[in-house]
Amino acid sequence: MQPLDFLKESPSQTAGPYVHIGCVPTFAGVEGVYPEDLGKTMITGDAKGEKITLKGRVIDGSGTPLRDAMIEIWQADANGLFNSPVERRGTADPAFTGWGRQGADGDTGVYTFETVKPGRVPFPDGRLQAPHITMWIVARGINIGLMTRCYFEDEAEANAEDPILARVEHKVRIPTLMAKRDGDTYTFDIYLQGDNETIFFDV
Amino acid sequence: MHNNPPETGAFYPRDLDWHPPAYTPGYKTSVLRSPQKAKISFDPSLGEISGPTFGHNMLGELDNDLVLNYAQPGESAIGERIIVHGRVQDERGRGVAGTLVEFWQANAGGRYRHKKDTYLAPLDPNFGGCGRAITDADGYYSFRTIKPGPYPWPNGVNDWRPSHIHFSIFGTGFAQRLITQMYFEGDPHIAICPIVNTIRDQAAIGQLIAPLDMNNSIPMDSRAYKFDITLRGRRSTMFENRKEGN
């Protein structure tokens, strides 16, 4: 028999306590190496859609916010298009990158993104997903980056049709994926453990 | 970059037994930071298959030279001068072109330029500790730096990290996103490091150990270490009927 000669993915290792030096160096106080931290600015012009602030904390099993976490987000634009060569359905808003990266605040642990509310994107089977933002969390003590999704609590109708939320067996956990609205700000806290542990995805 | 259209297939499933599990009590910080409930699995959708891209024009001239990118004019970082180079490929062995690779590390004494690092080894005024590169059309990257020192860390009473460089790699889709660490051939700390040993498979650990590469060492200047990185492979879309479009 022929060998099935695929390579193995490089194994993950924790991002460690100093991931901010590598990924958001200016935020970490290592100034002058890059002009600006990558992913700091998502809205680069007159972006279409509703401008929102997304903020929250990553909270450990003792209830303590992580102050060394780094959070990345990836999302569609207001029309549901991704600013990526893989996007073949149309051209995304050139004034919106769709990708952001922020460090948790060194004192409070709060992360903050200035972004736009995403449009709906079809699932591979054609059903529309609810508006959502894909999030990736790394930190000391996290051995492999955690992927979750931030949905919006004020999108009840779309959320009820979402194919990924429909897949969640324990409906009692769905609120862990819902950002709460206050004006133009959505708050999305991520719980690593406990009764309110956020749903994480293996995608 | 090659002129082929971008691939749009979904990724191969991740082998979660090859990666470290979330809960690894030998690495104490993981105890309160490890999710305990089962992850929910699904075949990647467009939001995971796609990802951000970064152009070569974003890079500064010294972004891949940690010896100089924080140094005062005419000065350079202290330590063993090394070149780290290799190829970013996927599980099919194809080079991943045009992808961003970021790296960060301690200085030659084992100290990070971070206000929370209080190790008594001194900061090097000419060393910042971060850099980045974008792979070429065949997936290759390279950078110059100094070899980071090992350092003690509060876990066990006397735990030391092996010399290591942190790597962040993007790939072409967000579900390929990976952060890992590179170790150096022959370092006796590798075998006894609680973070290395969160990985259960010795062959997987071996994938993170860069060999000394004398072929690419520069005489009377710098030694080289070769470090290849493998990201998840993509399925062909040839036989897939995706209503969202291929």
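The sequence lines fix the lettering, A, B, ..., with proteins before strands; numbering per chain opens at 1.
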B/Phe11 portion near chain A, given a 4.5 angstrom heavy-atom threshold: neither

Spacing of NZ belonging to B/Lys37 relative to CG belonging to A/Asp195, to within rounding of 0.5 Å: 6.5 Å

Heavy-atom pairs under 4.5 Å with chain A - which of B/Asp15, B/Asp43, B/Leu178 has more of them than the others? B/Leu178

With chain A, which of B/Gly47, B/Ala175, B/Gly93 has the greatest number of heavy-atom pairs at distances under 4.5 Å? B/Gly47

Can you tell me which of B/Leu100, B/Thr24, B/Ile195, B/Asp201 forms the most heavy-atom pairs within a distance under 4.5 Å of chain A? B/Ile195

Proximal component of B/His166, with respect to chain A [non-hydrogen, under 4.5 Å]: side chain

Between B/Trp18, B/Tyr70, B/Phe103, which shows the greatest number of heavy-atom pairs under 4.5 Å with chain A? B/Trp18

Max heavy-atom pair count under 4.5 Å with chain A, selected residue of B/Met58, B/Arg132, B/Lys115: B/Arg132

Give, as side chain, backbone, both or neither, the part of B/Phe167 having an atom under 4.5 angstrom from any heavy atom of chain A. neither

Which atoms of B/Ala22 come close to chain A, meaning under 4.5 Å heavy atom to heavy atom: side chain ones, backbone ones, both, or neither? backbone

Pairs of heavy atoms under 4.5 Å with chain A: top-ranked of B/Ile169, B/Thr53, B/Ile199: B/Ile199

By a 4.5 Å heavy-atom criterion (distance strictly below it), what part of B/Arg200 contacts chain A: side chain, backbone, both, or neither? neither

Region of B/Phe227 in contact with chain A, defined by heavy-atom distances below 4.5 Å: neither

Heavy-atom contact with chain A under 4.5 Å, split by part of B/Phe42: both

Quick one: what part of B/Pro21 sits under 4.5 Å from any heavy atom of chain A, side chain, backbone, both or neither? backbone

Pick one of side chain, backbone, both or neither for B/Lys116, based on which atoms fall under 4.5 Å of a heavy atom in chain A. both

Tell me, for B/Gln105 versus chain A, whether the close heavy atoms (under 4.5 Å) come from the side chain, the backbone, both or neither. neither

